[in-house]
Amino acid sequence: MSGGGCSVRAIWILTPHDAVAFSRRFAVVEKRWRVAWEAEGGARAEMMPLPADYEVAAAFAERRRREGTARGSGIRTSMSSAGSDSWVDDPITRHIISLHIDKEEGEGFMLWPVVLQKRGSYYILVLPLVDPQSFKAYESLLKRSDCGSSAKEKGNLSSILLNLPCITGALMVAHVIGDIITGDTAEPEVIVSTGPSVGGLLDSLTGSIGISARPKPIAAPVAAPTASISSPVGAPQSESLKGGMRPFDKDLLRNFILGAMPFGTPQDLNYANVTSVRTTGFSADPLPTDQKQPAWKPYLYKGRQRTLFSSLETLNAALYDRDDVQDFLSVSGQVTCRAELEGLPDVSLPLSGLKAAHVEVSSFHHCVQASEPTNDKQTLIFQPPLGNFVLMHYQASCNMDPPVKGFYQLSMVSENEGAFLFKLRLMEGYKSPFLMEFCMVTMPFPRRRVASYDGNPSVGTVSMTEHSIEWRIVSSGRGLSGRSIEATFSGTVRFHPITIQRVNSSFRSVPSTAFVEDSDSEQDNTKNGANLDDYLMEKMNKDLQAVNLEEPLSWQAYNYAKVSFKIVGGTLSGLTIDPKSVTIYPSVKAPVEYSMQASSGDYILWNTLGKCPSAALPK
């Protein structure tokens, strides 16, 4: 049973008030659970039935009380007791938990393994089917004294879970359910240009004055069913997390479960595929006898044929402008695809620039067969699914100079006034078709409230918020291409007077069970220190001095500026695709379009006159 994939016995979704908002049980899988225990020669299956919703809610609330938070600490402390997850002394018990069900009549029992995931304000619990041997092995761990890292390699929790592929499947089920209830079901973005590129001199001339064709995201090919007004599906995830708990569309979730995992066994957890099958049905066109329809393409495409590729990169940087500290640049990228092709063709895609990009890590969609990299190239062969999908992820180095480089200086001339100076250079060494669509520099002051500022930049506009100053150098609609510019900004910033607030002594000692992401706003966890980080952040936003912080290396104690930008027309890593080299078999007349976009991630300019954290990199 441990090697037979994943089957789910039950799913529960709980609110922060420990009430069950949604549940689903699978009788077929539960019967298999009973048969497996009967084969072991015992009647324990009769003593461990699936509990009622109120019993699950009570058990989850009891675990929260026992472990300190919903997830617990994952490590054994003086407060841990035999039989609890923290007694196992393994951090993975924060995500794979056990629930102790108390019965009014008869002996209680344990549910394990229960995969726990928190999304928004909800807790998602998924109970997969495991063999009795693995269940008994975990029961023995709850009583042993040498658990966790002190245990021998054989018989610890990791060795048990390694033989249970159903854990990975249950995690995927919990993840996609979380996407549905928070509305994060959008397909990956594929960018196309609004106008065709004619190349040559015209592209150079128009790009130099910012009239290049502007890329835009392309919509998914199949529209999902419209959710009810109370449902967050289709809304951005950030909106679903604001204002506390929001209801979700239970009918939509129930229909997804019926299509994605009939009888409790996951078949296809792709939300777009399941939605398409429900609205369109499977393809009625007969396939050639020598071809098999893959699971990721439940029906065939009909219409105008074309293939779209996009390289989307994110540049993370830490720029110090110091001789003793090396700058850090790293590119995280993905290649997205949308293949509108009839039938089941094979697409061959050559990647180039592998040596220049110094690709450190790469992963591919399960439909891809990747060749070994040779001579700076690698070939990907795949049968594309419908809709937008991520063809590959990669981590690489930046093959070009930083698009925004220079220095930032801030010096406090008095307790409530600071003098700052920026001297930046944008797009130096970048030629057409690279186009910077926008660029903004933000000076955040999380521990101070900005009263006013003086100074005029050499280019761009400046605005002010309560805790930051924002300098917009390149505005949307006025791109920068084919040339570099120098931007300077000097001035002073004045803050409101500091109001000294001391941290309560009860927060000096934090129990090991405190984790900020588990703290529940509906409960007063400040008494046991469970949300100490939230408390400190609140105090810092109310002008708590950095010297009063318990952690002197906290990032809030440093001064920095954050850069935000978006560049189209090229990649920063050097990893590219030649659209003319893409081949499709059987051969069809289908144009291939390729677009490239790079944006900033955590792009930091550290104050050269202040402290800055850094790490020694291996030579």
Side-chain angles (χ1 to χ4, degrees), residues 187-199 213 215-222 268 270 272-273 276-277 280 282-312 333-354 359 362-394 571 575-597:
E187 288 192 329
E189 194 175 57
V190 176
I191 307 296
V192 295
S193 298
T194 57
S197 172
V198 298
K216 64 177 181 179
I218 190 166
V222 180
D268 187 356
N270 185 293
N273 281 355
S276 299
V277 169
T280 309
F282 287 94
S283 174
D285 297 332
L287 291 174
T289 56
D290 59 341
Q291 283 187 303
K292 293 184 178 180
Q293 191 165 356
W296 56 81
K297 198 165 187 177
Y299 66 96
L300 303 183
Y301 173 80
K302 284 288 187 181
R304 176 178 174 267
Q305 301 188 79
R306 62 173 182 170
T307 305
L308 310 174
F309 295 99
S310 293
S311 290
L312 308 175
Q334 66 181 34
V335 177
T336 57
C337 174
R338 177 179 173 183
E340 298 175 342
L341 302 172
E342 295 183 349
L344 296 173
D346 290 324
V347 179
S348 177
L349 171 69
L351 300 175
S352 61
L354 296 179
V359 176
S362 60
S363 62
F364 303 93
H365 190 273
H366 53 261
C367 71
V368 176
Q369 298 180 18
S371 67
E372 290 294 328
T374 56
N375 298 326
D376 198 35
K377 291 186 178 181
Q378 185 177 20
T379 301
L380 310 181
I381 301 176
F382 58 97
Q383 279 191 357
L386 282 176
N388 306 344
F389 70 101
V390 179
L391 189 67
M392 69 173 293
H393 292 272
Y394 59 90
T571 62
L575 184 67
T576 58
I577 298 170
D578 182 7
K580 297 180 181 179
S581 301
V582 176
T583 58
I584 302 173
Y585 180 83
S587 180
V588 296
K589 291 184 178 181
V592 177
E593 300 180 30
Y594 177 50
S595 61
M596 295 166 282
Q597 176 179 297

Residues forming a side-chain contact (heavy atoms from CB on, under 4.5 Å) with Thr583, sequence neighbours excluded
Ser348
Please report the interatomic distance NE2(His365) to CD(Gln334), rounded to the nearest 0.5 Å.
12.0 Å
CG-CD1 distance between Leu351 and Ile577, expressed to the nearest 0.5 angstrom:
6.0 Å
The side-chain contact (heavy atoms from CB on, under 4.5 Å) partner of Leu312 among Ile191, Thr571, Val335 is Ile191
Are any non-hydrogen side-chain atoms of Cys367 and Pro385 less than 4.5 angstrom apart?
yes
Can you tell if the side chain of Phe389 reaches within under 4.5 Å of the side chain of Pro384, non-hydrogen atoms only?
yes
Please examine the side chains of Met392 and Leu380, heavy atoms only from C-beta on, and report whether any two atoms are closer than 4.5 Å.
yes
Do the non-hydrogen side-chain atoms of Tyr594 and Val582 ever get within less than 4.5 Å of each other?
no
Give, for atom NZ of Lys589 and atom CD1 of Ile584, the distance between the pair rounded to the nearest 0.5 Å.
13.5 Å
With rounding to the nearest 0.5 angstrom, report the CD to CG distance, Glu189 to Asn388.
9.0 Å
Do Glu342 side-chain atoms and Gly303 backbone N/O form a donor-acceptor pair below 3.5 Å?
yes
Under the rule for side-chain contact (heavy atoms from CB on, under 4.5 Å), what residues qualify as partners of Pro591, not counting sequence neighbours?
Arg304, Arg306
For Gln383, does its backbone N or O pair with a side-chain atom of Asp346 as donor and acceptor, under 3.5 Å?
no
Exactly one candidate in Leu386, Leu341, Leu344 meets side-chain contact (heavy atoms from CB on, under 4.5 Å) with Tyr301; the answer is Leu386
Only counting residues at least two apart or in another chain, list the ones meeting side-chain contact (heavy atoms from CB on, under 4.5 Å) with Gln369.
none
